[in-house]
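Along the sequence shown, the residues carry numbers beginning at 1.
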Amino acid sequence: MNQTIDTNKQRNWAATYDVIVIGFGAAGATAARFAADNGAKVLLTDAAPEGHEGGNTRYAGQVVLTGYDFDKMKQYFKQLFGPIKIDEKMLDTYVHGLTTIPDYFKRYLEIKNPVSYNKVHRDPDFEAFANGLSPEYPEFEGSETVDLTTVHDGYFDASLWKTLRGQVTKRENQIDVWLASPAKHLIQNPETGVVEGVQIQRHDQLVDIKANNGVVMALGGFENNNDDIQNFIGVPKLKVIGTLYNKGDGLKMAQEVGAKLWHMKSFEGFGFNTGFTFENTAEARGKFILSPWPDLSNGSVFVAADDGSRYVREDENGRHGHAFEHGSWKNPTVYSHPHLIFDREQYRQIKSRGKLPYDDFFKITVKANTIEELARKIKANPKTLVQTVERFNVFSENGEDLTLNRSGDTMRAFGDGPYYATPLATAMLNTQGGAKRNEQAQVLDAFDQPIPNLYSAGEFGGINANQYNGGGNLAECLIFGKIAGENAAKPKNDIKNVEPNQEPDTTTSASQSTDATLASDLTNDEENETFTTTDHQFIGENDDGIGGEVVVRITLDDDHQLTNVEVLKQSESEDVGLKAMTDLPKEMVKKHTADVDGVSGASASSNALKAAVKDALEKAKQGN
């Protein structure tokens, strides 16, 4: 399926569109919508199956970086980039877009009252992660203009993603959507260099789809491709905490048509301390740890590298996975199997907290009677780990960490065994690298010249490099998604784009085709969807899940007590979201109420399920 495409053969186009957008995240949804608004018939295709589209936007905090003063914001960004050179026109376009975000929300996303973080959450007692984002670099000149904009007063609930998705579904007559349909190749005219279409894997078939005016690459990064991680970033592995469908396909397609790559080493993380999560082979996605967990950096506990030595300051408040290093904030060294090392007293301290931010913490923790035995169990150097503990104890007793400058009052000397080690992983939000673009969102070749009819937006070749302020990627998706969609929609009227002995195609919607393989996945009539009930059964619905609609069927006994909760429809995330859908119904039945504790890390999914059950209970109460 991945063989090099033959660009010289006479092509049999399965369907023709004005614009093809690859990737249904924030950037792709935005590009498709604006292309449609400029008169284009659009195909929007994505590798993820139905209910799991959305890319990293689905999992992001839903905050969009905003600035109110162009000159100050530009100065702030020049300090973020530091020595990394960014084209002035590109930077101006981006920064100008950042200064228009609230108006963008009102004008294009139909949000009447966008929420300003600065006006709503300048509260030292608010969630710690948000306090450090606006601005993330308060010491930089111009930082006073930095703000964050949200759809409503809420975070990590997919509110922005669902808003953007809604803009696509409202235009279903102009935008066909294909899910579980990964793009495999760009189709480029070998003589003119014009990108004429895309080869897509659709229902186990390879189909060639023509784009009259443009193709937009909005595929996201290469977080789930460890070969690319090792090749471009130069680290052994990273634990993804976003989408599972960003596999670097765009890199292959871009290189195939001669695109220049940039920012390949840049990536962002998030998690406790300097961007850690836990290494658990049972989990495809790492747990996104947002809640403060002071026990991991306060007491007889430290982080050990592969050999058993310390390498990060445990009480560092990281900035999107970056740690302070000799004057700037860098991604810390990534090791293959780092561990959290602690003693019996720390074990008791953590255990006493009750419910932990990570449910499997003690399940994956290794125990040993001596430090040497612990080192052997985690494949560290016993001598090195013993020396590390000895130095840590001296620093604790003297109240001064001479190795990493951790605050002395957070350090307690290790006592007698047993000792413990919990496997850690460096968490990855997203990569920034991909095809280089210009201020018109055109993809550039090796000589910085635009590749005809090819555009990009979002994290696939993002502008952000070096240091990063939260919300910057989502802002870039909106800003360059709009530019890419508008420019791709413009008729090119280039006769060289027509193959020899072939008349120009007229645009035909694939949804109008009699071939079910080509039909849009958003044309199903869900209004006629019905769910059966018998006596004492009621249907409940809620639209606030991460994946949208949640539908349940409850069964009551003669005393109107819950005896069963069935989830009939949901599109929540594969791990924690799905856990809420399977675990909470059992708890509700056990306690005969919808008011049960949500699943840690799946608050939006948990709340949507509870709301759906309450909706069904209300209908039962009304006798419907």
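With hydrogens and angles ignored, the 3.5 Å screen pairs a side-chain donor or acceptor of D445 with a backbone N or O of D448. Side chain of R171 to backbone of A36: no donor-acceptor contact under 3.5 angstrom is found. In this structure a side-chain-to-backbone donor-acceptor pair under 3.5 Å is missing from N438 to M90. Without hydrogens or angle criteria, T66 side chain to V64 main chain gives a donor-acceptor distance under 3.5 Å. Judged by distance alone, the side chain of Q167 and the main-chain N or O of A29 form no donor-acceptor pair under 3.5 Å. Under the 3.5 Å distance criterion, the side-chain polar atoms of N469 are matched with a main-chain donor or acceptor of E136. Looking only at distances, no side-chain donor or acceptor of E316 sits under 3.5 Å from a matching main-chain atom of G318. In terms of modelled atom types and a separation under 3.5 Å, the side chain of T145 and the main chain of G67 share no donor-acceptor contact. Put simply, the side chain of E476 never gets that close to the backbone of E459: no donor and acceptor are under 3.5 Å apart. Under a 3.5 Å cut-off, the side chain of W178 and the backbone N or O of L44 do not form any donor-acceptor pair.
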Q | T431 vs M264, side chain to side chain contact (heavy atoms under 4.5 Å, CB included): CA-CA, chis, key distance, verdict | A | CA-CA 8 Å; T431 57; M264 300 305 296; over 6 Å; no
Q. Given I86 and I463, is the side chain to side chain contact (heavy atoms under 4.5 Å, CB included) satisfied, shown in steps?
A. CA-CA 8 Å; I86 300 294; I463 187 175; 4.0 Å; yes
Q. Stepwise, does the salt bridge (Lys or Arg N to Asp or Glu O under 4.0 Å) test hold for E53 with R165?
A. CA-CA 9 Å; E53 68 276 12; R165 189 182 191 280; 2.7 Å; yes
Q. Going through the distances and angles, do K237 and E279 end up as a salt bridge (Lys or Arg N to Asp or Glu O under 4.0 Å)?
A. CA-CA 11 Å; K237 63 178 182 177; E279 184 57 87; 3.1 Å; yes
Q: Applying side-chain hydrogen bond (donor to acceptor under 3.5 Å, both in side chains), run through Q440 and N487 and close with a yes or a no.
A: CA-CA 7 Å; Q440 296 299 319; N487 288 337; 3.1 Å; yes
Q: Evaluate salt bridge (Lys or Arg N to Asp or Glu O under 4.0 Å) for R313 paired with E325, printing each intermediate quantity in order.
A: CA-CA 11 Å; R313 201 186 104 195; E325 180 182 314; over 6 Å; no
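Salt bridge absent: D543 and K162 never bring a charged side-chain N and a carboxylate O closer than 4.0 Å. The existence of a salt bridge linking E88 and K78 is confirmed by a sub-4.0 Å separation between a basic side-chain nitrogen and an acidic carboxylate oxygen. Between D521 and R202 there is a salt bridge, since at least one side-chain N of the basic residue sits less than 4.0 Å from a carboxylate O of the acidic one. Taking 4.0 Å as the cut-off between side-chain N and carboxylate O, R310 and E314 count as a salt-bridged pair. Comment: R33 does not engage E486 in a salt bridge, judged by the lack of any side-chain N to carboxylate O separation of less than 4.0 angstrom.
Within the 4.5 Å cutoff, no side-chain heavy atoms of V216 are placed close to those of I22. Looking at heavy atoms from C-beta onward, H52 lies out of side-chain contact with S571 at the 4.5 angstrom threshold. The side-chain heavy atoms of L219 and N246, taken from C-beta on, include no pair separated by under 4.5 Å. Under the 4.5 Å side-chain criterion, counting only non-hydrogen atoms from C-beta, T149 is not in contact with Y104. Inter-residue side-chain proximity for F105 and L478 is flagged as met; some heavy-atom pair is nearer than 4.5 Å. A 4.5 Å side-chain heavy-atom check between Y108 and K482 finds at least one atom pair inside the cut-off. The shortest distance between side-chain heavy atoms of D359 and K287 does not fall below 4.5 Å. Counting only heavy atoms from C-beta outward, the side chains of N225 and K252 approach each other to under 4.5 Å.
Residues F276 and W293 keep their aromatic ring centres 6.0 Å or farther apart. Outside the 6.0 Å centre-distance limit, the rings of Y468 and F77 are not counted as a close aromatic pair. Aromatic pair F480/Y455: centroids not less than 6.0 angstrom apart.
Between H339 and H337, the angle of the ring planes goes over 60°, which puts this pair in the perpendicular group of the 30/60° scheme. Between Y358 and F278, the ring-plane angle classifies as parallel under the 30° and 60° cut-offs. Using cut-offs of 30° and 60° on the angle between ring planes, the pair F140 and Y76 is perpendicular.
Between F288 and the options F272, Y59, F156, a ring pair (Phe, Tyr, Trp, His ring centres under 6.0 Å) holds for only F156. Under the side chain to side chain contact (heavy atoms under 4.5 Å, CB included) rule, M428 has a single partner from E223, E268, K239, which is E223.
Geometrically, R319 engages W329 in a cation-pi contact, judged by NZ or CZ lying under 6.0 Å from the ring centre and within 45° of the ring axis.
Heavy atoms from other residues, nucleotides or ligands lying under 6.0 Å from NZ of K74 number more than 12. Counting heavy-atom neighbours within 6.0 Å of N280 CG, excluding the residue itself, gives a total above 12.
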